[in-house]
Amino acid sequence: MRTTARRGAPGTRRAAGVRRVRTAAVALALLGAFPALSGCGIRGTAVPVDAGGAPSRASCVAQPDRSLPAGLATVTVQLVCSSQLVPVTRQVSLPDKPGDTVVVARALLDELRRAPSAREAEAGLTTAVPQRLTVGGPRSGDPAGTLRLGREPDELPQVALAQLVCTYASTAAADGRGTVILGGPAEERPKGYACTESMRTHPDTAEIPGGPVT
């Protein structure tokens with residue numbers, strides 16, 4: 001005698017169907033979230049993470065501070081933004097000898113060492129110049145206009161050296177030359193450095209050749 005398995009009651013079948021529909025809806029919702037994460041370059045994960053705010057593109061342009069007192073001189077220094085050098089104007093006190101190579105070099109170095117203002121930081125501007133870096137004048141036998149740094153130029157971070165060279169170039173710190181003559185604390189002869197377009201656009205990878213100065 002053939003027997004047939006008894007099917008569940010109608011109420012049981014309806015409940016099972018509802019559970020299957022809910023499970024499928026949840027699965028589709030989860031699967032739909034992963035393409036959105038992948039499209040943003042974020043790898044999907046089953047563990048919730050607090051990744052902070054979405055990254056924003058730096059403007060590299062700091063709005064001028066109009067609250068500065070009068071009687072200050074305007075200088076231009078090269079800061080770093082989006083892996084490039086960006087000219088930024090700063091207001092500084094007028095030096096006693098505005099045409100003196102060392103005086104101007106020290107004033108500009110002070111600005112390069114200084115942490116970016118709130119406005120500059122908000123625009124994405126930074127500096128790689130060490131805060132303890134110093135600069136002085138030439139030694140006996142050095143070419144005129146030589147600047148002696150507290151560290152060997154070639155030992156500085158490459159971006160920092162590019163900032164210095166491109167900030168000093170064409171100012172009194174370069175003694176009227178397009179080439180900046182830099183030396184270090186050792187007895188090695190100083191070298192001449194020129195600011196090139198590749199240094200401005202790729203300061204972290206561009207070659208910064210230093211040639212002998214006669």
*Please name all residues satisfying side chain to side chain donor-acceptor pair (under 3.5 Å) with T171, sequence neighbours left out, ordered by chain then number.*
none
_Which atom of V129 lies closest to which atom of L133, heavy atoms considered_ = CG1-CD2, 4.1 Å
*Looking at residues at least two apart in the chain, or sitting in another chain, which of them share a side chain to side chain donor-acceptor pair (under 3.5 Å) with T127?*
Q163
_To check you understand the geometry: which heavy-atom pair defines the closest contact between Y168 and A174, and what is its length?_
O-CB, 3.5 Å
*asked:* Could you report the tightest heavy-atom contact between L112 and L164, atom names first, then the distance?
replied: CD1-CD2, 3.8 Å
*asked:* For L161 and Y193: C-alpha separation, side-chain torsions, deciding distance, then whether side chain to side chain contact (heavy atoms under 4.5 Å, CB included) applies.
replied: CA-CA 10 Å; L161 182 56; Y193 298 85; 4.2 Å; yes
Got a list of side-chain donor-acceptor pairs under 3.5 Å for residues 74-89, not counting sequence neighbours?
| from | atom 1 | to | atom 2 | distance (Å) |
| --- | --- | --- | --- | --- |
| T74 | OG1 | Q91 | OE1 | 3.3 |
| T74 | OG1 | Q91 | NE2 | 3.0 |

*Closest non-hydrogen atom pair between I181 and P143, with its separation*: CD1-CB, 4.3 Å
*Partners meeting side-chain contact (heavy atoms from CB on, under 4.5 Å) with E197 (sequence neighbours left out)*: R200, T201
*Decide whether L109 and L156 are clustered together by the hydrophobic rule: side chain heavy atoms of Ile, Leu, Val, Met, Phe, Trp, Tyr closer than 4.5 Å, transitively.*
yes
*asked:* I need the minimum non-hydrogen distance between T101 and G145, along with the two atoms involved.
replied: CG2-O, 4.1 Å
*For residues P116 and T126, report the shortest heavy-atom separation together with the two atoms involved.*
CG-CA, 3.8 Å
*For A169, enumerate each residue passing the side-chain contact (heavy atoms from CB on, under 4.5 Å) test, keeping only those at least two apart in sequence or located in another chain.*
V180, C195
*Find out whether K191 and P153 are in side-chain contact, i.e. whether some heavy atom of one side chain is under 4.5 Å from a heavy atom of the other.*
no
*All pairs passing disulfide (SG to SG under 2.5 Å) where residues 127-165 contributes a residue, at least two apart*: none
*Applying salt bridge (charged side-chain N to carboxylate O under 4.0 Å, His left out), which residue pairs with at least one partner in residues 157-173 are found, sequence neighbours left out?*
none
_Are V102 and V104 linked, directly or through intermediate hydrophobic residues, by side-chain heavy-atom contacts shorter than 4.5 Å (ILVMFWY only)?_
yes
*Sequence neighbours excluded, which residues qualify as side-chain contact (heavy atoms from CB on, under 4.5 Å) partners of E152?*
E155, P185, A186, E188
*Please, which pairs that meet salt bridge (charged side-chain N to carboxylate O under 4.0 Å, His left out) have at least one residue in residues 104-117, sequence neighbours excluded?*
R90-E111, D110-R113, E111-R114
*Mind checking what makes side-chain contact (heavy atoms from CB on, under 4.5 Å) contact with T205, not counting sequence neighbours?*
H202
*Going by the salt bridge (charged side-chain N to carboxylate O under 4.0 Å, His left out) test, which pairs reach into residues 136-149, not counting sequence neighbours?*
R139-E187, D142-R148
*If a pair satisfies disulfide (SG to SG under 2.5 Å) and one of its residues is in residues 98-129, list it, with sequence neighbours excluded.*
none
